[in-house]
Amino acid sequence: MLGKVGDFEKVARCGSMATKKLRRAGLSQELCDRLSRHQITTCRDFLCLSLLELMKVTGQSYWNVQKLLCKVSLACAPKMQTAYEMKTKRAINPSSAYLSTTLDGLDKALHGGVACASLTEVTGPSGCGKTQFCLMMSVLATLPISMGGLDGAVIYIDTESAFGAERLVEIAEHRFPNYFGTEEKLFSMTRSIHLYRELTCDSVLKRIETLEEEIISKKVKLLIIDSIASVVRKEFDTKLQGNLMERSNFLAREASLLKYLAEEFSIPVILTNQITTRLSNGLDIQADLVSPADDMSLSEVSGASGSKDREPGYVTAALGNTWSHSVNTRLILQYHDLHTRQVLVAKSPVAPFSAFFYTIENSGLVLQDGKDHPDASWEGSSPVLQAIRVRTNILKDGFPSSTAETLKLTQPI
Ligand SMILES: Nc1ncnc2c1ncn2[C@@H]1O[C@H](COP(=O)(O)OP(=O)(O)OP(=O)(O)O)[C@@H](O)[C@H]1O
């Protein structure tokens with residue numbers, strides 16, 4: 001039995017579920033209060049202590065501490081389930097698996113919309129509609145299940161002061177004029193969206209750490225952070241020694257907490273990110289188009305596409321490789337022409353690489369009919385976008401041919 005507990009302990013300590021609050025692990029209130037006086041509040045804090053330390057802080061015997069260890073480990077160890085169980089659960093209650101974006105083609109590609117219990121990143125250049133997408137998804141999450149919503153509240157963490165309540169109401173009124181035809185419905189929707197303005201890394205992290213109980217008490221069904229990148233890029237100058245490591249640690253902690261919340265409460269988490277293009281002369285510019293997945297060498301990939309006359313340089317998804325691998329789904333929003341924009345499904349465990357045209361209207365994002373089939377948008381697209389495609393094909397067809405190529409495609413910047 002003890003061996004088994006030990007195994008659980010190791011799994012539990014490492015996993016994202018270890019951020020679960022002790023109060024929710026079945027420990028008595030008195031014991032939780034006592035532990036919190038020693039800054040032991042999560043399962044991880046508890047499981048990282050030795051038996052002797054636990055005996056000291058709990059004031060309990062060796063055997064009682066063993067039992068507590070067992071309880072805490074079991075409470076936060078990931079539960080095994082079979083693929084069959086997952087599938088039947090989703091078949092019985094399909095709305096529990098996805099939040100529809102109401103953009104038909106995109107929903108179809110994503111098997112129903114933005115996935116619950118996972119992290120979806122929306123990235124793209126400034127002004128292309130990331131905040132508009134978040135506002136629209138907030139409205140959608142509050143809708144009744146019969147209308148494709150999640151019938152729940154939303155926690156919206158705004159790090160750029162970009163949230164606009166008026167725009168939220170405008171989207172709701174124009175997207176669902178019948179449903180939001182009365183002031184009462186609009187009030188009820190706006191009351192369900194809980195906005196936090198957090199303008200520093202520290203305050204964002206602290207906010208995320210305290211969300212667990214709020215998600216339960218407010219019946220939250222969607223968590224949004226707009227944007228994850230801005231505070232990080234403001235505070236960590238990665239050219240300074242040590243900052244890159246510190247930033248990676250911060251992002252890993254943030255991703256672990258968010259994954260825990262998404263999985264534990266089976267809710268979608270939407271995060272917006274920014275992008276950068278780094279030119280070969282060392283200058284960073286805000287990209288007008290973006291690498292979907294990782295840091296990569298544009299010059300290398302442009303070479304692979306056979307074009308010699310392109311600006312050498314490379315585009316990087318903001319926040320680098322560690323973060324890039326933390327998100328489950330990545331949607332890239334980008335400009336196509338003056339009026340039209342594109343949403344690309346750049347990373348998804350269920351969908352192939354696909355692209356859809358959209359415009360931004362009073363009602364939020366609107367897909368353009370007839371152009372919403374996969375790959376519709378490649379013709380005439382920009383060099384960066386074509387480079388992304390080449391890269392996708394290189395990785396799809398196997399590893400790049402040379403070690404140098406492999407390194408350039410995978411090296412963190
Ligand atoms: N009522 C509206 N009708 C049509 N388009 C609108 C409306 N409101 C905003 N937009 C469009 O949305 C764009 C702004 O989008 P959004 O704020 O989502 O950008 P973003 O990608 O979040 O940018 P950033 O990274 O700078 O925050 C505007 O440039 C405008 O084109």
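Counting starts at 1 for both ligands and their atoms, in listed order.
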Pair T359-E361, side chain to side chain donor-acceptor pair (under 3.5 Å): steps then yes or no: CA-CA 6 Å; T359 52; E361 314 281 344; 2.6 Å; yes
Full working for side chain to side chain donor-acceptor pair (under 3.5 Å) between S36 and D33: CA-CA 5 Å; S36 96; D33 292 343; 5.2 Å; no
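Listed by number with element, the atoms of ligand 1 under 4.0 Å from a non-hydrogen atom of E170 are 1 (N). Annotation for ligand 1: atoms under 4.0 Å from non-hydrogen atoms of N362 are 1 (N), 3 (N).
Relative orientation of the F236 and F250 rings is tilted, given thresholds of 30° and 60° on the angle between their planes.
Remark: K218 NZ is packed, more than 12 non-hydrogen atoms of other residues, nucleotides or ligands lying under 6.0 Å away.
The pair K20-E264 meets the salt-bridge criterion, with a side-chain N (NZ, NE, NH1 or NH2) lying under 4.0 Å from an Asp/Glu carboxylate O. A salt bridge links R167 and E170; the closest N-O separation between the charged side-chain nitrogens and carboxylate oxygens is under 4.0 Å. A salt bridge links E209 to R253: at least one charged side-chain nitrogen sits closer than 4.0 Å to a carboxylate oxygen.
Nearest to atom 27 (O) of ligand 1 among the protein's heavy atoms is E160 OE1, 3.3 Å. The shortest contact between atom 25 (O) of ligand 1 and any protein heavy atom is with K130 NZ, 2.8 Å. With hydrogens left out, the protein atom closest to atom 6 (C) of ligand 1 is I360 CG2, 3.6 Å, a heavy atom. Protein heavy atom nearest atom 19 (O) of ligand 1, with residue, atom name and distance: G127 CA, 3.3 Å. What sits closest to atom 26 (O) of ligand 1 on the protein, heavy atoms only, is S126 OG, 2.6 Å. Ranking the protein heavy atoms by distance from atom 8 (N) of ligand 1 puts R167 NE, 3.3 Å first.
With a 4.0 Å heavy-atom cut-off, ligand 1 is reached by the backbone of P125 but not by any atom from C-beta on.
The residue among T131, V366, T159, N273 with a heavy atom at the shortest distance from atom 22 (O) of ligand 1 is T131.
Taking a distance limit of 4.0 Å, we find that atom 30 (C) of ligand 1 is approached by no protein heavy atom.
Closest of all the heavy-atom pairs between D107 and S100 is OD2-OG, 2.6 Å.
There is no side-chain donor-acceptor pair under 3.5 Å between S126 and Q274. In this structure, a donor-acceptor pair under 3.5 Å is absent between the side chains of T182 and E184.
Residue contacts with ligand 1 include C128, since one or more of its heavy atoms lies under 4.0 Å from the ligand. The shell of residues lying under 4.0 angstrom from ligand 1, judged by heavy atoms, excludes Q274. Heavy-atom separations between Q334 and ligand 1 are all 4.0 Å or longer.
The shortest N or O to N or O distance between G124 and ligand 1 is not under 3.5 Å.
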